[in-house]
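Just below is one structure, and these are the notes that go with it.
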Amino acid sequence: MASLTQVHYKVHTSTFRRVNPRNQGLLKSGKLFQHPGSAFPSIHINLSCVCCTKLTPWESSSVTYAPTDNQSDKFLPKSANIFETLESSKTADSSTANAEGAVEIRSQPSLEFQFFKWPLWLLGPSVLLATGMVPTLWLPISSIFLGPNIASLLSLIGLDCLFNLGASLFLLMADACSRPKYPTEECKSKAPFSYQFWNVVATLTGFIIPLLLMFGSQKGFLQPQLPFIPFAVLLGPYLLLLSVQFLTEMLTWHWQSPVWLVTPVIYESYRVLQLMRGLKLGVELNAPAWMMHTIRALVCWWVLILGLQLMRVAWFAGLTARARKQQLSSDTSSANDD
C-alpha cells in the first residue's frame with residue numbers, strides 16, 4: 001500500500017508540472033490542490049521566492065541613476081508642468097547645437113573666394129591704367145582730333161567711354177576686395193550726409209559754370225563768340241563724364257558700397273588730364289581767351305576738390321582706427337566682466 005501511494009504521488013507530481021498556465025493562479029495563491037476523482041489526501045504546495053543577485057553571462061545589467069549632491073538639483077528643473085521642462089531642455093539643446101554650427105560655419109573662411117581675390121589687387125589698377133592713362137598720355141592728339149567737327153567729338157567721347165569702362169571694372173574689383181573673409185559678416189559703409197552734400201555742390205558747380213559760359217557765348221554776352229561745335233569738342237566730353245561720375249556716386253551711396261570714398265578720386269584724377277587735353281585742343285582751334293581761362297579755372301577747381309577728397313580719405317582712415325580701438329576696448333571690458 002505504501003508503494004502504491006508513492007507511485008500515485010509521482011504521477012500526481014508529473015501531472016502538476018504540466019499544468020495549464022491558467023491554473024497558475026491557484027498555485028500562486030497557495031490553495032489546496034486536489035486531483036479530481038482522487039481519494040488521497042490533498043497536497044499543500046508552498047511557493048517560495050528565491051532572490052539571486054548574480055546575473056547569468058547572457059543577461060545585461062540594468063542601468064541605474066544615482067545623482068550626486070552637486071547634480072541632484074540640476075537633473076530635472078522644477079516647473080509647473082513636466083512637459084514644459086522637457087520642452088525647455090530640448091529647446092536649449094537645439095539652440096546650443098545651432099550656435100555651435102554657426103560658429104563652425106563662421107570659422108571656416110571661404111578660401112576659394114579669397115584665392116580669386118588675390119589677382120584683383122593687380123588686375124584692377126592695370127585695367128584702370130590701360131583704359132585711362134595710356135590712351136591719354138601716349139595717343140597722339142592728331143589721331144583723335146580731325147578739326148572742329150562731329151567726328152572729332154565722337155572720337156573724344158569714345159576715348160572717355162573707354163576710360164569709364166575701365167573705371168567701372170576697377171570699382172567692381174575694389175568692391176569685391178573690400179568684402180570680408182566670412183560671408184556671414186555684413187559689409188555696408190554709409191557715406192556721411194555732409195560728404196554727400198559737398199560732393200553734390202562740387203559736381204553742380206563744375207557742371208553749371210560751363211553751361212553758363214555757353215549760354216553767354218550764344219547770347220552774345222561773351223566776345224568773341226564761340227560756335228556750338230567747337231565748344232562741344234572742348235567741353236562736351238567733360239560734361240558727359242561729369243554726369244556719369246555723379247550717377248556712379250549716387251549708386252555707391254545707395255548700395256552702401258565701401259568704394260564710395262574712392263569713386264570721386266578716380267574720376268577727378270582723369271578729369272584733370274581731360275581738361276589739360278582741352279587746353280591743347282583750344283590751341284588747335286584758336287579758342288577765345290575767355291574760353292582758355294575758363295578751362296584753366298576748371299583745372300584749378302578740380303585739383304582743389306581732388307585735394308579735399310584725399311584729405312577725406314585720411315580723415316576716414318583715422319575715424320576707422322578710432323572706432324576699431326573703441327570696439328577692442330569694449331570687447332576687453334566685457335570679457336573681464338564675464
Side-chain angles (χ1 to χ4, degrees), residues 125-170 202-248 263-309:
S126 300
V127 170
L128 189 64
L129 178 63
T131 57
M133 299 297 106
V134 172
T136 304
L137 296 177
W138 278 277
L139 192 63
I141 195 66
S142 59
S143 61
I144 57 176
F145 179 71
L146 304 175
N149 50 33
I150 301 298
S152 299
L153 178 61
L154 294 178
S155 299
L156 295 173
I157 291 176
L159 194 64
D160 294 340
C161 288
L162 182 62
F163 163 76
N164 183 54
L165 178 62
S168 301
L169 293 176
F170 173 80
T203 303
L204 292 179
T205 302
F207 196 84
I208 290 174
I209 290 177
L211 293 181
L212 290 177
L213 292 176
M214 183 183 68
F215 180 78
S217 176
Q218 295 297 324
K219 295 297 182 178
F221 297 114
L222 296 175
Q223 296 296 332
Q225 293 185 0
L226 184 65
F228 177 75
I229 294 298
F231 181 89
V233 170
L234 292 176
L235 293 180
Y238 160 81
L239 295 174
L240 181 60
L241 192 62
L242 185 60
S243 303
V244 173
Q245 175 192 346
F246 184 71
L247 178 61
T248 306
T263 302
V265 176
I266 296 172
Y267 281 94
E268 289 164 7
S269 300
Y270 180 79
R271 184 165 297 115
V272 174
L273 297 177
Q274 190 182 34
L275 291 173
M276 296 299 294
R277 183 185 64 193
L279 288 175
K280 295 180 181 179
L281 294 178
V283 175
E284 297 289 337
L285 292 174
N286 295 322
W290 61 267
M291 188 63 185
M292 301 298 290
H293 291 311
T294 301
I295 297 177
R296 293 189 184 97
L298 289 175
V299 171
C300 296
W301 170 253
W302 287 113
V303 169
L304 177 64
I305 298 300
L306 180 59
L308 291 176
Q309 296 290 351

- CG of L235 to CZ of F207: how many Å apart, nearest 0.5 Å? 11.0 Å

- Scanning both residues in full, the closest heavy-atom pair of L139 with P135 reads CB-O, 2.8 Å

- Which distance, rounded to the nearest 0.5 Å, do you find between the CG of L137 and the CG of L273? 6.0 Å

- Can you name the nearest heavy-atom pair linking A287 to L234, along with the distance? CB-CD1, 4.1 Å

- Message: If the test is side chain to side chain contact (heavy atoms under 4.5 Å, CB included), which one of L159, L281, L154 qualifies with I144?
- Response: L159

- Item | Closest approach of G206 to P210 (non-hydrogen atoms, all atoms of both residues) | O-CD, 3.2 Å

- Spacing of I266 atom CD1 and R271 atom CZ [to the nearest 0.5 Å]: 12.0 Å

- Item | Validation row: V283, K280 side chains within 4.5 angstrom (heavy atoms) | no

- Message: As an exercise, state the distance from CG of N164 to OH of Y270, rounded to the nearest 0.5 Å.
- Response: 9.5 Å

- Message: Restricting to non-hydrogen atoms, name the atom on L156 and the atom on V233 that form the minimum distance, rounded to 0.1 Å.
- Response: CD1-O, 3.5 Å

- Is the backbone N or O of E268 less than 3.5 Å from a side-chain atom of Q245, with the two atoms forming a donor-acceptor pair by type? no

- Could you note down all residue pairs passing salt bridge (Lys or Arg N to Asp or Glu O under 4.0 Å) where residues 142-167 supplies at least one of them, sequence neighbours left out? D160-R277

- Side-chain contact, heavy-atom cut-off 4.5 Å: V244 with L247? no

- Verify, without hydrogens or angle tests, whether S217 (side chain) and L213 (backbone) share a donor-acceptor contact under 3.5 angstrom. no

- Message: Ignoring hydrogens, what is the shortest heavy-atom contact between L153 and P237? Give both atom names and the distance.
- Response: CD1-CD, 4.1 Å

- Query: Would you say S152's side chain and P148's backbone share a donor-acceptor pair under 3.5 angstrom?
  - Reply: no

- Where do T131 and V127 come nearest, in terms of heavy atoms and distance? OG1-O, 2.8 Å

- Message: Quick check for you: to the nearest 0.5 Å, what is the distance between L169 atom CG and S126 atom OG?
- Response: 12.5 Å

Side-chain donor-acceptor pairs under 3.5 Å in residues 288-303, sequence neighbours left out?
| unit_1 | atom_1 | unit_2 | atom_2 | d |
| --- | --- | --- | --- | --- |
| W290 | NE1 | P224 | O | 3.0 |
| T294 | OG1 | W290 | O | 2.6 |
| W302 | NE1 | Y238 | OH | 2.9 |

- Message: Can you classify the ring geometry of Y267 versus F163 as parallel (below 30°), tilted (30 to 60°) or perpendicular (above 60°)?
- Response: perpendicular

- Task: Calculate, to the nearest 0.5 Å, the distance between atoms CE and CG belonging to M214 and L239 respectively.
- Result: 8.0 Å

